[in-house]
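Take a look at the structure set out below.
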Amino acid sequence: FNAYSTSLLSLTFVVNDYLQKMVYPFKRRMMRKKVGVTLMKLQESGENYLETILILEKRNGIARSVDVATELGFSKPSVSRAVSILKEGGYVTIGNIGQLLLTDKGRQVAQNIYDRHCFIKECLMFLGVSPETAEADACRLEHVLSEETLTCMKAHYEKHMPKSES
């Protein structure tokens, strides 16, 4: 080796070290983000879709993509894309007549979000918030409140809520 090949070899090691430490982990993080639901926690929008499917099932006995689009005010192609992501994640399947069916995993998430929504809305109305505002605020809070906060809210609510006389 001469001085030129030694410095070239040294530069190769530096570049390789940089790629290993900086670029490759970044690319892996980006790939995980692209895959979305299957590798990452379900996002707020996915939770909203699942909750809407559950509500439509309770109300109509069936949930179709077109009903979800109408309920949420989204375009059919947007709903179709979201449904395919939820399907890839194992949260929904498509039935024989094209209806959206929650898997056990999807139903569990949907029911949890729906229960949180109902409880938060009830608490806000108990505090004097109008039903319309309580509904809108519960839609946002249901996704961001930690389990600890929700548990403490429930304990406080049960302690201070007037008992109904049956």
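For the atom pair NE2 (His143) and CD (Glu51), the distance works out to 6.0 Å, reported to the nearest 0.5 Å. Taking CZ of Arg81 as the reference point, atom OG of Ser75 lies at 12.5 Å (rounded to 0.5 Å). Between Asp137 atom CG and Glu132 atom CD the span is 11.5 Å, to the nearest 0.5 Å. A distance of 13.0 Å separates CD1 in Ile55 from CG in Asp67, rounded to the nearest 0.5 Å.
Dense packing is recorded around CD of Gln111, with more than 12 heavy atoms of other residues, nucleotides or ligands lying under 6.0 Å away.
Hydrophobic clustering of Ile, Leu, Val, Met, Phe, Trp and Tyr side chains at less than 4.5 Å, counting indirect connections, keeps Ile62 apart from Leu50. Under a hydrophobic clustering in which Ile, Leu, Val, Met, Phe, Trp and Tyr are joined whenever their side-chain heavy atoms come within less than 4.5 Å, directly or via other members, Met153 and Val144 fall into the same cluster. By the criterion of side-chain heavy atoms lying less than 4.5 angstrom apart, applied directly or through intervening Ile, Leu, Val, Met, Phe, Trp or Tyr residues, Val79 is not grouped with Leu101; the two fall into different hydrophobic clusters. In terms of hydrophobic clustering, with Ile, Leu, Val, Met, Phe, Trp and Tyr side chains grouped at heavy-atom distances under 4.5 Å, Leu72 and Tyr91 are assigned to a common cluster.
Listed here is the closest heavy atom pair of Ala138 and Leu124: N-CD1, 4.2 Å. Between Ser65 and Val83 the shortest heavy-atom distance is OG-CG2, 4.1 Å.
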| request: Could you please spell out the steps behind the ring pair (Phe, Tyr, Trp, His ring centres under 6.0 Å) verdict for Phe119 and Tyr157? | output: CA-CA 10 Å; Phe119 172 73; Tyr157 184 76; 5.5 Å; yes

| request: Could you walk me through whether Leu150 and Ile120 pass side chain to side chain contact (heavy atoms under 4.5 Å, CB included), step by step? | output: CA-CA 9 Å; Leu150 199 62; Ile120 293 166; 4.1 Å; yes

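Counting heavy atoms from C-beta outward, Ile94 and Leu100 have side chains that approach closer than 4.5 Å. Side-chain atoms of Pro131 and Met125, non-hydrogen and from C-beta on, do get closer than 4.5 Å to each other.
Test Leu86, Leu54, Ile85 against Tyr49 for side chain to side chain contact (heavy atoms under 4.5 Å, CB included) and you get one pass: Leu86. For the side chain to side chain contact (heavy atoms under 4.5 Å, CB included) criterion with Glu142, the lone passing option out of His117, Glu44, Lys121, Glu47 is His117.
Remark: side-chain polar atoms of Thr70 are paired, donor with acceptor, to backbone N or O of Val66 under 3.5 angstrom. With hydrogens and angles disregarded, no donor-acceptor distance shorter than 3.5 Å links the side chain of Thr52 to the backbone of Val68. In this structure a side-chain-to-backbone donor-acceptor pair under 3.5 Å is missing from Glu148 to Ser146.
No salt bridge links Asp104 with Arg107; every basic N to acidic carboxylate O contact stays at or beyond 4.0 Å. Here Glu147 does not pair with Lys154 in a salt bridge; the nearest charged N to carboxylate O distance is not below 4.0 Å.
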